[in-house]
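Below is one structure, written out as structure tokens; the observations come after it.
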Amino acid sequence: MTTEPSTRTATGRGLTTGTLVAGLLAVCLAQIGLAIPATLNGLFQSDLHPVGSQLTWISDAFLLPVAVLELTFGLLGDLFGRKRLLIGGASLIAAGELVSATASGIHQLWTGQALAGLGAAALFPTSLAILAAGTTSPAQRARVIAMWAALLSTGGFLAPLLGGITATYGSWRWSFVVVTAIAAASAAVSALFAVNSNAPAGRSLDVAGQLTIGLGLFSLLYAIIQGPTDGWASPSIIIAFALAAVFLAAFVLAEKRAKSPLLRLDLFRNRAFAVASVVAVVGMFAFLGTAYSVSIRLGPVQDQAPMRTALAFVLLNGITLVMLPLTERLLRTAAPGLLLGAGLLLIAAGDYWAATLPITDSAFTSLILPLGLVGLGFAITVSSITATAVNTVPVHLAGMASATTNLLRDFGFTLGPAIIGAVALSRAASNFSDSLHDSALPGALKGAGTAVLDEGGPLAVNGASTTSPKLADLHPLALDALGHGYSIGFVVCGSAALFSALLALITLRGRAAPHTDSTEH
């Protein structure tokens with residue numbers, strides 16, 4: 001095998017087919033890894049019996065390293081070559097999914113997902129940066145970004161199909177085995193066919209920046225996820241929020257003083273980039289919060305088959321691939337504010353519609369139109385965010401811009417399960433407790449219901465009342481409480497999308513000309 005020197009780039013030669021295939025396969029793999037647990041939440045609940053916030057931590061064990069380390073991996077790709085990170089990231093995903101496939105308990109599953117998340121943290125920014133570095137014109141870059149976004153969503157709808165099929169005809173463990181095989185194939189394609197690129201000029205490691213942002217984001221997410229279980233006023237949660245504020249403030253100070261910052265704060269002086277960054281967090285929170293609510297509604301709450309959840313995720317993610325030709329044209333011709341605003345308004349409309357569906361309605365047809373609106377909105381939004389951010393910076397900053405955009409988008413993704421899980425489960429626990437207190441059920445049954453609620457939360461009550469005849473009378477109360485809680489989750493997601501839409505429509509009225517600087521090395 002020949003080794004590409006780090007000075008060989010795709011910029012001067014144009015984007016090669018091998019690089020294009022390697023980059024697109026890498027982002028598809030990373031998104032498959034991110035999305036696969038959502039389809040399997042119901043099976044995790046019945047097989048591993050997570051309690052409290054443990055189910056939420058399965059998704060966020062993967063998402064947390066993605067959100068925390070994407071900036072650093074974007075920098076490492078700029079310094080040492082993006083091809084190496086494509087190979088290494090895919091290898092880490094393969095290892096992590098293998099650990100998950102052999103998990104004997106919830107803690108090993110967390111470990112495997114965290115390891116796979118490290119690999120995805122390398123692949124998300126690197127796949128976009130290596131593709132953007134090889135483009136030679138704004139039109140080609142728009143086309144490549146649209147393809148990258150389409151493969152991102154392809155991974156999003158392949159994951160639940162994979163999860164649904166393997167869970168139906170085998171076990172949830174086989175889902176992770178298949179992802180391991182895809183990761184091995186991705187690593188091989190990158191090693192054999194990708195052309196290396198980098199942009200080391202003026203870049204160096206920023207240890208203080210990485211430590212402060214890592215500790216800050218971890219503290220924030222810990223507080224949000226554990227709040228419903230530990231109590232929002234508990235000392236551990238208050239301390240975690242305080243540490244998050246301190247470390248994130250320290251990150252800003254560290255970046256202002258660093259000679260080669262992990263994140264150049266002056267990027268945010270560009271209005272289009274700054275607005276796209278805010279929308280990336282809030283808008284993508286709305287999307288993945290919606291996906292998480294759907295997975296919990298269909299899985300642990302309604303106990304529907306994994307294939308039903310898989311079909312729901314096809315609606316949420318598959319539209320992006322179908323819309324690829326139209327999205328590519330819109331990215332070249334339409335104002336970014338209009339695109340972002342339209343996409344986010346569609347997400348908001350779908351969420352508000354989903355919030356009106358009663359939890360006793362288990363018909364899949366009821367979900368088709370609201371989830372279709374959310375999926376259509378996501379198809380427009382995810383490409384527009386990336387194009388708006390990356391097209392407004394010089395090519396030699398493509399690595400940093402793509403890493404920043406991916407970090408913010410995936411931080412929004414991480415907030416989705418965390419916040420919606422916290423809001424929905426807190427509301428459901430409160431509603432169930434009130435309903436149980438006001439009911440005419442026997443005192444012994446009330447005591448049993450309270451004990452299960454205190455031990456495992458409302459999802460545990462719902463599961464126990466389904467399987468135990470002695471607790472069957474608790475099921476209507478638990479089902480109603482969870483339905484109300486996750487309806488509020490849909491409303492929160494819709495409101496976040498509506499806020500982001502208004503922000504984009506008001507602040508991004510023109511169309512920024514993309515930079516064509518080509519100082520890539």
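Everything numeric in this text was worked out from a predicted model, so none of it was measured.
A pairwise comparison of heavy atoms in Thr309 and Gly299 identifies OG1-N, 4.5 Å as the closest pair. Looking at every heavy atom in both residues, Gly117 comes nearest to Val66 through O-CG2, 3.3 Å. Here the closest non-hydrogen pair linking Ala159 and Ala35 is CB-CB, 3.7 Å. Heavy-atom minimum distance, Gly494 versus Ala348: O-CB, 3.4 Å. Of all the heavy atoms in Leu346 and Gly377, the pair that sits closest is CB-CA, 3.8 Å. The two residues Gln113 and Pro37 make their nearest non-hydrogen contact at OE1-CG, 3.4 Å.
Neither side chain, Thr180 nor Glu97, offers a donor N or O lying under 3.5 Å from an acceptor on the other.
The closest side-chain heavy-atom distance from Phe287 to Leu316 is below 4.5 Å.
With Ser100 contributing its side chain and Gly96 its backbone, the two residues share a donor-acceptor pair below 3.5 Å. In this structure a side-chain-to-backbone donor-acceptor pair under 3.5 Å is present from Ser500 to Ala496. In this structure, the side chain of Arg297 does not engage the main chain of Ser487 through any donor-acceptor pair within 3.5 Å. Without hydrogens or angle criteria, Ser439 side chain to Leu436 main chain gives a donor-acceptor distance under 3.5 Å. With Ser468 contributing its side chain and Ser465 its backbone, the two residues share no donor-acceptor pair below 3.5 Å. The backbone N or O of Val301 lies less than 3.5 Å from a partner atom in the side chain of Asn462, making a donor-acceptor pair. Between the Ser430 side chain and the Arg427 main chain, no donor and acceptor come within less than 3.5 Å of each other. Between the side chain of Gln31 and the backbone N or O of Thr154 there is no donor-acceptor pair closer than 3.5 Å. At least one donor-acceptor pair closer than 3.5 Å links the side chain of Gln302 to the backbone N or O of Asp361.
Shown are Ile296, Val294, Leu288; of these, the side chain to side chain contact (heavy atoms under 4.5 Å, CB included) with Tyr292 is made only by Ile296. When each of Trp110, Trp57, Trp172 is paired with Phe44, the ring-ring contact (aromatic ring centres under 6.0 Å, His included) condition holds for Trp172 and for no other. Tyr486 pairs in a side chain to side chain contact (heavy atoms under 4.5 Å, CB included) with only one of the listed residues (Val423, Ile359, Leu425), which is Leu425. Of the candidates Val492, Ile420, Val374, Thr290 forms a side chain to side chain contact (heavy atoms under 4.5 Å, CB included) with just one, namely Val374.
Note: Trp148 CH2 to Leu128 CG = 5.0 Å, rounded to the nearest 0.5 Å. Atom CZ of Phe432 sits about 11.5 Å away from atom CG of Leu479, to the nearest 0.5 Å.
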